[in-house]
Amino acid sequence: MRMRPTLSWTPEGDLPPGTTDPAPVADALSAGGVLVLSGAGISTESGIPDYRGEGGSLSRHTPMTYQDFTAAAEARRRYWARSHLGWRTFGRALPNAGHRAVAAFGRHGLLSGVITQNVDGLHQAAGSEGVVELHGSLDRVVCLSCGARSARRELARRLEEANPDFRPVAAGINPDGDADLTDDQVGDFRVVPCAVCGGVLKPDVVFFGEAVPPARVEHCRELVRAATALLVLGSSLTVMSGLRFVRQAAQAGKPVLIVNRDVTRGDRHALTRVALPLGATLTAVAGRLGIPVDDEAPA
């Protein structure tokens with residue numbers, strides 16, 4: 001079953017108002033066993049824009065769908081040109097205070113796990129372990145023909161060699177690592193095939209319109225079942241791939257807490273939504289719990 005490419009969501013009815021009191025988040029974490037579900041909003045302070053927040057990339061950019069990518073070589077050429085340029089910036093992003101706080105909570109035994117909808121690898125870079133990458137990761141590439149996986153840095157090297165004069169200036173970078181380029185800027189960019197079988201290469205991420213692997217979904221459901229509470233960080237929960245875990249937790253009677261400045265599709269299932277910036281809020285929560293955010297964090 002493929003998830004529909006849901007790009008927007010319009011709030012219906014009266015949603016519970018947000019709060020500026022992070023105490024419920026601190027209380028839930030102090031009890032331990034909390035499962036974190038993070039979205040693009042946790043990475044905005046690292047310079048990676050989100051999809052739907054203020055100035056979000058969907059206002060200027062329509063993400064590539066799986067159907068478009070697989071249907072036409074021209075679509076793949078545009079995608080790889082823009083993604084190759086975006087990777088130069090995206091790959092240099094560093095974890096921010098929000099990522100470091102989540103890693104600190106994990107080191108102090110307060111979390112049962114971390115599920116992220118992001119493809120940037122910043123939770124792991126901050127020191128979080130056992131992160132479930134719901135939508136995959138941009139630092140890997142997979143062949144659609146033979147299934148071989150390889151490192152993105154190796155593909156970047158091959159694309160540099162194939163396009164030595166490719167140096168356009170992007171108008172912006174998007175949460176999926178895609179740079180905003182015009183067709184003229186894409187020009188005659190050359191795509192390279194799989195080094196193993198010559199097949200079509202795709203980033204090892206779940207595109208809009210593509211299904212999250214069932215085994216990965218079931219693993220996440222098991223994490224929800226084992227958790228004492230679900231803490232959603234920086235996700236609008238517009239797409240069902242993340243919202244289903246919020247619904248599962250709420251139906252099981254587990255508290256759902258959301259930290260997101262804007263309303264989300266999961267608000268009606270939540271105990272509370274803290275409408276504050278993530279980095280400062282999670283750092284403040286760590287302070288309440290006596291946890292140094294940068295304690296043992298990687299350089």
Exercise for the section: Is it possible for you to say whether Val192 and Val196 belong to one hydrophobic cluster, with membership spreading through side-chain heavy-atom contacts below 4.5 Å? Expected result: no
Practice task
Decide whether Arg152 and Ser83 meet the rule of one side-chain donor and one side-chain acceptor closer than 3.5 Å.
Solution key: yes
Exercise for the section: Taking atom CZ of Arg261 as the centre, report whether more than 12 heavy atoms of other residues, nucleotides or ligands fall under 6.0 Å from it. Expected result: no
Practice task
Determine whether Val142 and Arg149 make a side-chain contact, defined as any pair of heavy atoms from C-beta on separated by less than 4.5 Å.
Solution key: yes
Handout entry: Any donor-acceptor N or O pair under 3.5 Å, side chains Asp139, Ser137
Key = yes
Problem - Short side-chain to backbone donor-acceptor contact, Gln67 and Gly209, under 3.5 Å - result: yes
Problem - Worked verdict on Glu160 versus Arg157 for salt bridge (charged side-chain N to carboxylate O under 4.0 Å, His left out) - result: CA-CA 5 Å; Glu160 290 283 356; Arg157 181 191 65 77; over 6 Å; no
Exercise for the section: Using a 4.5 Å cut-off on heavy atoms from C-beta on, say whether the side chain of Arg265 contacts that of Val246. Expected result: no
Practice task
Say whether, by atom type as modelled, one donor and one acceptor occur between the side chain of Asn260 and the main chain of Arg273 under 3.5 angstrom.
Solution key: no
Problem - Side-chain donor/acceptor of Thr228 to backbone N/O of Gly32, under 3.5 Å - result: yes
Practice task
Name the orientation class of the two ring planes belonging to His84 and Phe189 (parallel below 30°, tilted from 30 to 60°, perpendicular beyond 60°).
Solution key: tilted
Problem - Heavy-atom donor-acceptor pair, Arg76 side chain to Phe69 backbone, under 3.5 Å - result: yes
Exercise for the section: Could you tell me whether the side chain of Arg82 and the main chain of Tyr79 form a donor-acceptor pair under 3.5 Å? Expected result: no
Handout entry: Main-chain N/O of Ile48 paired to Ser46 side chain as donor or acceptor, under 3.5 Å
Key = no
Problem - Straight-line distance of Glu133 CD to Asp204 CG, nearest 0.5 Å - result: 8.5 Å
Exercise for the section: Determine yes or no for a side-chain-to-main-chain donor-acceptor pair under 3.5 angstrom, with His269 supplying the side chain and Arg247 the backbone. Expected result: no
Fill in the blank from the handout: In terms of heavy-atom contacts, Ala250 and Val256 come closest through N-CG2, 4.1 Å
Problem - Side chain proximity check, Leu134 to Ser241, heavy atoms < 4.5 angstrom - result: yes
Exercise for the section: Could you tell me whether the side chain of Pro193 reaches within less than 4.5 Å of the side chain of Arg158, counting heavy atoms only? Expected result: yes
Problem - Euclidean distance, Leu122 CG relative to Thr116 OG1, rounded to 0.5 Å - result: 8.5 Å
Problem - Short side-chain to backbone donor-acceptor contact, Arg100 and Pro95, under 3.5 Å - result: yes
Handout entry: Test side chain to side chain donor-acceptor pair (under 3.5 Å) applied to Glu45 - qualifying residues, sequence neighbours left out
Key = none
Exercise for the section: Tell me yes or no: between the side chains of Asp27 and Ser30, is some donor less than 3.5 Å from an acceptor? Expected result: no
Problem - Presence of salt bridge, Arg190 and Glu161, under 4.0 angstrom - result: no
Handout entry: Heavy-atom donor-acceptor pair, Asn118 side chain to Gly39 backbone, under 3.5 Å
Key = yes
Handout entry: Student check: side-chain heavy atoms of Phe245 and Leu35 closer than 4.5 Å
Key = no
Fill in the blank from the handout: CH2 of Trp80 to CE of Met64, rounded to nearest 0.5 Å, is 10.5 Å
Practice task
Please check if the side chain of Arg78 supplies one atom and the backbone of Ala73 the other of a donor-acceptor pair under 3.5 Å.
Solution key: no
Problem - Same cluster (ILVMFWY, side-chain, under 4.5 Å), Leu144 and Phe207 - result: yes
